Amino acid sequence: MTVVSDCLSPRKAGILDHADRIAADRVAWRERNRFFHDEDERYLRFLIPPGSRVLDIGCGIGDTLASLAPSHGVGVDLCRKQITIARQRHPDLTFIEGDAEDPATLDGLQGPFDYILVLDTIGSVEDCQRFIAQLHPFCTRNTRLVIGYFSHLWYPLLKFAEFVGLRMPQPDQNVLSPTDLRSLARLADFDPVKSEQRVLSPVGMFGVGRFLNRFVSVLPGIRQLALRHYLVARSGRSAREEFASATVVVPARNERGNIEPAVLRIPDFCSDIEIIFIEGHSQDGTFEEMERVKQAHPSKDIKVMRQPGKGKADAVFTAFDAARGDVLIILDADLTMPPEQIPKFVEALQAGKGEFVNGSRLVYPMDDGAMRFLNLIANKIFSYLFSWLLNQRYTDTLCGTKVLRRSDYQRLKAGKAYFGDFDPFGDFDLIFGASKLNLKTVDLPIRYAARTYGETQISRFRHGWMLLKMVAFAFFKIKAI
């Protein structure tokens, strides 16, 4: 299929002429700069899992698209000669010649896609905002737009590399900072999910380049100097998705006095609410109280379970697997997060403000005794660390209240092998999994109350050490890749 406008602008015509002239040399240039392309594609494979439906705009000779192992891969490029090479090199993929800024080209594409990749092409388009806005028809709520581009700070050095023959010559490009890309995405009704800056060395240097790119280029203060920046965004026009039912999961261990108050205080925020109490080997009759409360409130859909293993993670995920609601909500049985605030979480999810809504106890003043001073300081420190690690803002990682769609939990569970069984809390299973899925996270401030029954089951020092291990784990699995 060939769709190329006869009315290219002088700049676009110049770009096409340049692409025609260097087409035969593209394979050789990629081989010459293999280390850089390997580094680039390593991070793209982290963002885009194999088996996805991928649209690559500005695909060149198709090597990057092929490296992502898509189940359905479509590449679009202005240059006929490069498209011909791409078809020869990757006959299992679909390649279309056309101007991606021309609606006629886009009309010929069959969407939707899981990922839309725009790698460096953003530097050549005439109208970045209009170009991005034209991508909405290919998006569902789960689609992610991934834009990769060279840092504007490296522009003089890159032009020098072209001059001395170390880099393939390029026509003049748009000069865009990470802030510019985020602003353009918002103007085009795409909601930035996260951004990352990586790669200090475009050359291997006998292993030194890999070390710098993996461990140093991502560090705070240094990452701003990195060669590559990436933006992940979602379509704001596809963000809303209605739901009909919800499940509130209440994990409880030695919380007998809080079971009935939980039922009485959960608002009727939706027409179909399921409540799952899951008990964790209590010594105070919590399970028997759950059974009693279930019988005492026959008008409510209450289920009672005993967790098969140990730890909150085992309890939460056992209940999630049994839940029938479209939306899954965790409510800690200590009721320090007032159940009356659940509707705020559900409204944020339904309105498309976020896809993973995380409670934050550290914004509003707390009740006296709600959180010990050392716990508060530790939470503040870990919030900063995890915000850096995950490239999304987290003001409180250990608040028990988290809300997401069951469909997203099922996708998260399907990809759990990447992280393995590492988290006894369950909070980080969800947080890290949401980050790997590129879900939009929203921190929702809550009024944190002191518990009225029982004692906290958090050990400051033992669990603090576990949190430090979580930081190291996340660094190697999410940041240093």
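Please read all numbers here as calculations on a predicted model, not as lab measurements. Starting from 1, each residue takes its place in the sequence as its number. Scope of the values below: all heavy atoms of this structure, side chains included, with no hydrogens, waters or symmetry mates.
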The salt bridge (Lys or Arg N to Asp or Glu O under 4.0 Å) partners of E196 (sequence neighbours excluded) come to R198, R223, K479

Q. Should the pair E39-R42 be classified as a salt bridge under the 4.0 Å nitrogen-to-oxygen rule?
A. yes

Sorted by chain and number, sequence neighbours left out, salt bridge (Lys or Arg N to Asp or Glu O under 4.0 Å) with R167 holds for E162

Sorted by chain and residue number, the side-chain contact (heavy atoms from CB on, under 4.5 Å) partners of E31 (sequence neighbours excluded) come out as R34

Between D120 and R228, is there a side-chain N and carboxylate O pair less than 4.0 Å apart? yes

In short, salt bridge (charged side-chain N to carboxylate O under 4.0 Å, His left out) pairs touching residues 175-186 with sequence neighbours left out are none

By ring-ring contact (aromatic ring centres under 6.0 Å, His included), H136 pairs with (sequence neighbours left out) F190

Contacts of D20 meeting side chain to side chain donor-acceptor pair (under 3.5 Å) (sequence neighbours excluded), chain-then-number -> none

Inset, instruction - Tell me, yes or no, whether the heavy-atom count around E340 atom CD, taken from other residues, nucleotides or ligands under 6.0 Å, exceeds 12. - result: yes

- request: Answer yes or no: are there more than 12 heavy-atom neighbours, outside K353 itself, under 6.0 Å from its atom NZ?
  value: no

The salt bridge (Lys or Arg N to Asp or Glu O under 4.0 Å) partners of K413 (sequence neighbours excluded) come to D321

Report task. Dump the intermediate steps for side-chain hydrogen bond (donor to acceptor under 3.5 Å, both in side chains) on D40 and Y230, then the final yes or no. Result -> CA-CA 10 Å; D40 206 26; Y230 305 87; 2.4 Å; yes

Heavy atoms of V76 and A100 approach each other most closely as CG1-CB, 4.5 Å

Sorted by chain and residue number, the side chain to side chain donor-acceptor pair (under 3.5 Å) partners of T247 (sequence neighbours excluded) come out as E274

Between F432 and F473, how do the two ring planes meet: parallel, tilted or perpendicular, split at 30° and 60°?
parallel

- Is it the case that more than 12 heavy atoms not belonging to F211 sit under 6.0 Å from its CZ atom? no

Next item on the list: Verify the neighbour count for atom CZ of R30: are there more than 12 heavy atoms of other residues, nucleotides or ligands below 6.0 Å?
Entry: yes

Aromatic F356 / basic K402 pairing, under 6.0 angstrom, 45° off normal
no

Hits for side chain to side chain donor-acceptor pair (under 3.5 Å) against T143, two or more places apart or cross-chain, chain-then-number order -> T140

* Does the side chain of E242 come under 3.5 Å of the side chain of Q350 through a donor N or O and an acceptor N or O? -> yes

With sequence neighbours left out, the residues meeting side-chain contact (heavy atoms from CB on, under 4.5 Å) with D443 are N358, S360, Y394, T395

Between the CD atom in Q341 and the OG1 atom in T401, the distance rounded to the nearest 0.5 Å is 8.5 Å

Salt bridge (Lys or Arg N to Asp or Glu O under 4.0 Å) filter on D191, not counting sequence neighbours, yields R234, K440

_Would R53 pass as a cation-pi partner of F113, given that its NZ or CZ must be under 6.0 Å from the six-membered ring centre and within 45 degrees of the axis?_
yes

Parallel, tilted or perpendicular for F46 and Y43, by the 30°/60° rule?
parallel

Contacts of P137 meeting side-chain contact (heavy atoms from CB on, under 4.5 Å) (sequence neighbours excluded), chain-then-number -> none

Per side chain to side chain donor-acceptor pair (under 3.5 Å), N438 is matched among R144, K194, Q392 by K194

Result for salt bridge (charged side-chain N to carboxylate O under 4.0 Å, His left out) between E355 and one of R411, R141, R405 points to R141

Is the F36-F150 ring centre distance short of 6.0 angstrom? yes

Give a yes or no on this: more than 12 heavy atoms of other residues, nucleotides or ligands lie within 6.0 Å of atom CZ of F160. no

